[in-house]
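Notes for the one structure printed next.
Everything quoted here is computed from the prediction, not taken from an experiment. These numbers come from the heavy atoms of this one structure, side chains and all, not from hydrogens, waters or symmetry mates. Along the sequence shown, residues carry numbers from 1.
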Amino acid sequence: MKVVIDGQSVEAEEGWTVLDTARYYGVDIPTLCHKEGLSPYSACRLCVVEVRRGERSKMVASCSCPVEEGMQVITKSERVLKARRMILELMLASTPNSKTLQCLASKHGLTKVRFKGESRDCILCGLCVRMCDEQMMGGAIAFAHRGVERKVSMPFHKTPEACRECGACLYICPVCELPCQGPMEPGELCNACLDELRLDPFPSGD
Ligand code: FES
C-alpha cells in the first residue's frame with residue numbers, strides 16, 4: 001500500500017506499523033518501550049507522530065498504529081516535537097539520572113525540567129515484564145497496583161522460583177543503566193550528552 005511519510009510517498013506492507021514503515025525507510029522516530037521481538041505495549045508515547053487525513057489530524061503512537069492506504073504521516077511537526085519534549089520532561093521529573101532519558105532530552109533540545117516528581121527510577125515501560133515473560137519464558141515479574149502506586153514487582157515481594165536471575169530485565173531496562181554523570185542542579189539538564197549524540201544519534205538502543 002502507499003503511505004506518505006514526511007512528504008515522501010513510500011510502499012508499506014500489510015501488517016506493518018507506522019514505526020516499522022518509518023524505520024524501513026530510515027526515518028528516525030525515538031522509542032522507549034518498543035523492542036523488536038517483544039509485543040507492542042504503547043506505554044511511553046515517545047514514538048508519537050501526527051497522522052493526517054484531509055483536514056483532520058491526530059496524534060498516534062507509531063509503534064502500535066497499523067499503516068493504512070493513503071495515510072499521511074508527519075514525524076517531526078512542531079506539535080509532535082512539543083509532545084515528545086513534554087513526555088521526556090515528565091519522565092525526567094521522576095527518573096532524573098537516566099542516561100538514556102538525558103540523551104534523548106538533549107537530542108530534543110530540552111535544557112530544563114519544570115516539574116518535580118517523586119524519584120522512582122522506573123518509567124513503567126514494561127520492557128522488563130515482557131522480556132521476562134516473552135523471551136526468557138520466566139514470567140517472574142509483573143505490574144502491581146494501579147495509578148501512582150503502579151510498579152513492577154515480584155509476587156509477594158519475594159524472588160519466585162521462576163526467576164533464574166538471568167539479568168535480562170536489567171539488560172533491557174532503559175533507565176537501570178549507569179546514571180548520568182553530568183554536573184546538574186535539580187531541574188537542570190547539562191546537555192553534556194550532545195557530544196556523544198554526534199557520534200551515536202540514536203541512543204535509545206533500538
Ligand atoms: S515506543 Fe511507542 S509508545 Fe513507547
- Message: Please determine whether a side-chain nitrogen of the Lys or Arg among R85 and E78 lies less than 4.0 Å from a carboxylate oxygen of the Asp or Glu.
- Response: yes
- Message: Are Y25 and L19 connected into the same hydrophobic cluster when the rule is that any two of I, L, V, M, F, W, Y join if their side-chain heavy atoms are below 4.5 Å apart?
- Response: yes
- Query: So if you build clusters from Ile, Leu, Val, Met, Phe, Trp, Tyr with side-chain heavy-atom gaps below 4.5 Å, do V18 and I74 land together?
  - Reply: no
- Message: Can you confirm whether S39 sits close enough to E134 that some side-chain heavy atom of one is under 4.5 Å from a side-chain heavy atom of the other?
- Response: yes
- Out of curiosity, R53 CZ to K58 NZ, how far, rounded to the nearest 0.5 Å? 8.5 Å
- Message: Regarding S62 and R45, do their side chains bring together a donor and an acceptor under 3.5 Å, going by distance alone?
- Response: no
- Over all atoms of both residues, closest heavy-atom pair of P160 and M154: CD-SD, 3.6 Å
- Task: Return yes when atom NZ of K76 has more than 12 non-hydrogen atoms of other residues, nucleotides or ligands closer than 6.0 Å, and no otherwise.
- Result: yes
- Message: Counting C-beta onward and ignoring hydrogens, is there a side-chain heavy-atom pair between V51 and M71 closer than 4.5 Å?
- Response: yes
- Verify same cluster id: V49, L81 (apolar side-chain graph, 4.5 Å): no
- Looking only at heavy atoms, which two atoms of R130 and C125 are closest? And how far apart? NH2-O, 2.9 Å
- Could you grab the distance from atom CG of L92 to atom CZ of R114, nearest 0.5 Å is fine? 12.0 Å
- Query: Is any side-chain heavy atom of I5 closer than 4.5 Å to a side-chain heavy atom of V3?
  - Reply: yes
N/O donor-acceptor pairs under 3.5 Å from side chains in residues 139-150, not counting sequence neighbours:
from, atom 1, to, atom 2, distance (Å)
R150, NH2, Y41, OH, 3.1

- Note on the structure: Here the gap from L46 atom CG to C33 atom SG, rounded to the nearest 0.5 Å, amounts to 8.5 Å
- Item | Test log, rule side chain to side chain contact (heavy atoms under 4.5 Å, CB included), inputs M91 and C44 | CA-CA 9 Å; M91 284 182 180; C44 73; 3.5 Å; yes
- Message: To the nearest 0.5 Å, what is the distance between NZ on K151 and CG on D121?
- Response: 13.5 Å
- Message: Counting C-beta onward and ignoring hydrogens, is there a side-chain heavy-atom pair between R23 and T31 closer than 4.5 Å?
- Response: yes
- What residue among P30, P174, S98 forms side chain to side chain contact (heavy atoms under 4.5 Å, CB included) with L104? P30
- Query: Got a salt bridge between K2 and E11, using NZ or NE/NH1/NH2 to carboxylate O under 4.0 Å?
  - Reply: yes
- Item | Over 12 foreign heavy atoms within 6.0 Å of OH, Y24 | no
- Measure across E50 and S57 and return the closest heavy-atom pair with its distance rounded to 0.1 Å. OE2-OG, 3.1 Å
- Gap separating the CZ atom of R84 from the CZ atom of R79, nearest 0.5 angstrom: 12.5 Å
- Item | Distance in Å, I87 CD1 paired with L32 CG, rounded so as to fall on 0.5 Å steps | 9.5 Å
Listing, residues 161-172 side-chain donor-acceptor contacts under 3.5 Å, not counting sequence neighbours, or none:
from, atom 1, to, atom 2, distance (Å)
R164, NH1, M136, O, 3.3
R164, NH2, M136, O, 2.7

- Query: Between M86 and L90, does a side chain to side chain contact (heavy atoms under 4.5 Å, CB included) hold up when you go through it step by step?
  - Reply: CA-CA 6 Å; M86 177 62 81; L90 287 168; 4.1 Å; yes
- Query: When clusters are formed from ILVMFWY side-chain contacts under 4.5 Å, directly or step by step, what else is grouped with V80?
  - Reply: V48, M59
- Could you check V152 against C128 for side chain to side chain contact (heavy atoms under 4.5 Å, CB included), going step by step and ending with a plain yes or no? CA-CA 9 Å; V152 175; C128 56; 3.9 Å; yes
- Can E89 and K112 be counted as an ion pair, charged N to O under 4.0 angstrom? no
- Note on the structure: Of L110, V175, V113, the one forming a side chain to side chain contact (heavy atoms under 4.5 Å, CB included) with L101 is V175
- Any chance you could lay out the side chain to side chain contact (heavy atoms under 4.5 Å, CB included) test for T75 and V73, step after step, and finish with the verdict? CA-CA 6 Å; T75 68; V73 180; 4.1 Å; yes
- Query: Charged N to carboxylate O under 4.0 angstrom, D28 versus K107?
  - Reply: yes
- Message: To check you understand the geometry: which heavy-atom pair defines the closest contact between C176 and C173, and what is its length?
- Response: SG-SG, 2.8 Å
